[in-house]
Amino acid sequence: MECANKELASDPSSTDQNVDFAQVTAVASGWMLDFMFVSLCRSFKEGNFDEFNETLSVFQALSQCKSLKAAAHTEKSLICAFLARIMHGKQLDVLFEEDESVMPLMSAATVWSSLEHAVEDESLFENITVLLFVQAVAVCLDKGQRSSASSVLKWFENRHKFPRNLGVKLTTIVTKMETYHPFLMSFSFNRLLETIHSFLDNYLEKNPSDFLLKAATRFVQSSPTGPDLNPVVSEDSALSEKPNETIQKNKKPKRKLLSTTITDIWTPDTVKKPCVSLRRLSRNELCQLTARKTLQSSEQQNTEKHKKRKTPKKWTPQLDKYLKDGVKRHGKGNWSQILLDYDFEGRTGTMLKDRWRILLKAHKVS
């Protein structure tokens, strides 16, 4: 009898015949997408790149479900695309769009402009907008690229509502190459992150996405083997209710940067403007994307099947210099922070640590 009950419970046809299974699937998919959205927000706030990358991949797959056409899911997809760009904000050569001149923070500003309706606090929306403008320029100056900073200013002036007084201020700073100008220090990258954290807190409070999270928490708490897992689950469940308190108590060390695995771009059916990619694009992928537009669908599939992961090249003197400069600025052991400042061509924090050991043995560093 017990076996029969188990078989009946696992058979989709045993559900109420009056309920459309497709509707049930849509609801369940929505709950799973919400769970991944909350998890993504948490890993972003903690700066956990591994978890962010993994969660982003799952969210991308779920978001392609045909039954998820609601505006709320589209809104969350745009927020995830925005967060992905912020994660790579200091890497000028990372691409999210076909235009190679559009750097991550520039692309983030475009996505953010489409989320104005999702931000109830107008001042918060304007603050993040200004911080994106300032940091898009500041990051270029920090890398010693004044020409790129000037190009960023012109790009914003042509495509966004750019405050005139802000433009004049930034133009003066770029002309004099004042990388550490008090104005840039006031509108720092850390302040940008903190303000985005406030936006996420407010959004989760107004748009609860923790139904599945709470159900899983109750299940674990009621399970005989649950006590060992309770601390982990409770950290997640507290995100939408007390996010700031959770981060302070359970903040974990940062880990390696997002994987450089080449992935397909993601464009939801309901997102027509702007047309954004959820994941980062490598330069090789950008070329492939342009070429695929002229191919038939059958040729597209064959191309995707034969994609191979790009392996990191040998360490060059320039990469060694990046590593030395990064350690000088952030100290040994802060590999995740160093990865944010320089392009190590897909290398991870572990690879940086191993290379540093090699340099120590060769007496090239102390």
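All residue numbers in this chain count up from 1 along the given sequence. This one's a predicted model, so the numbers in the text were calculated from it and none came from an experiment.
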Would you call the rings of F199 and Y203 parallel, tilted or perpendicular, taking 30° and 60° as the class edges?
tilted
Under 4.0 Å between a side-chain nitrogen and a carboxylate oxygen: does that hold for D325 and K321?
yes
Using side-chain contact (heavy atoms from CB on, under 4.5 Å) as the criterion, point out the one residue from L132, V152, L92, D99 that pairs with M106.
V152
Identify whether the distance between the nearest side-chain nitrogen and carboxylate oxygen of D142 and K90 falls below 4.0 Å.
no
Take the angle between the ring planes of F183 and F187 and call it parallel below 30°, perpendicular above 60°, tilted in between.
tilted
When you look at CD of E122, are more than 12 heavy atoms from neighbouring residues, nucleotides or ligands closer to it than 6.0 Å?
no
With a sphere of 6.0 Å drawn around CD of E120, does it hold more than 12 non-hydrogen atoms of other residues, nucleotides or ligands?
no
Can you label the angle between the F52 ring and the F44 ring as parallel, tilted or perpendicular, going by 30° and 60°?
tilted
Do the charged groups of K76 and D34 touch, with an N to O distance under 4.0 Å?
yes
Contact summary for T55 and S39, nearest pair of heavy atoms:
CG2-CB, 4.0 Å
Aromatic ring pairing W112/F125, orientation class (parallel under 30°, perpendicular over 60°, tilted between):
parallel
Mind checking whether F37 and F59 have parallel, tilted or perpendicular rings, split at 30° and 60°?
tilted
First locate atom NE2 of H330, then atom CD of Q337, and finally report the distance between them rounded to the nearest 0.5 Å.
4.5 Å
Around atom NZ of K154, are there more than 12 heavy atoms of other residues, nucleotides or ligands at under 6.0 Å?
no
Point-to-point distance, once rounded to the nearest 0.5 Å, from CG of N207 to CD1 of I79
7.5 Å
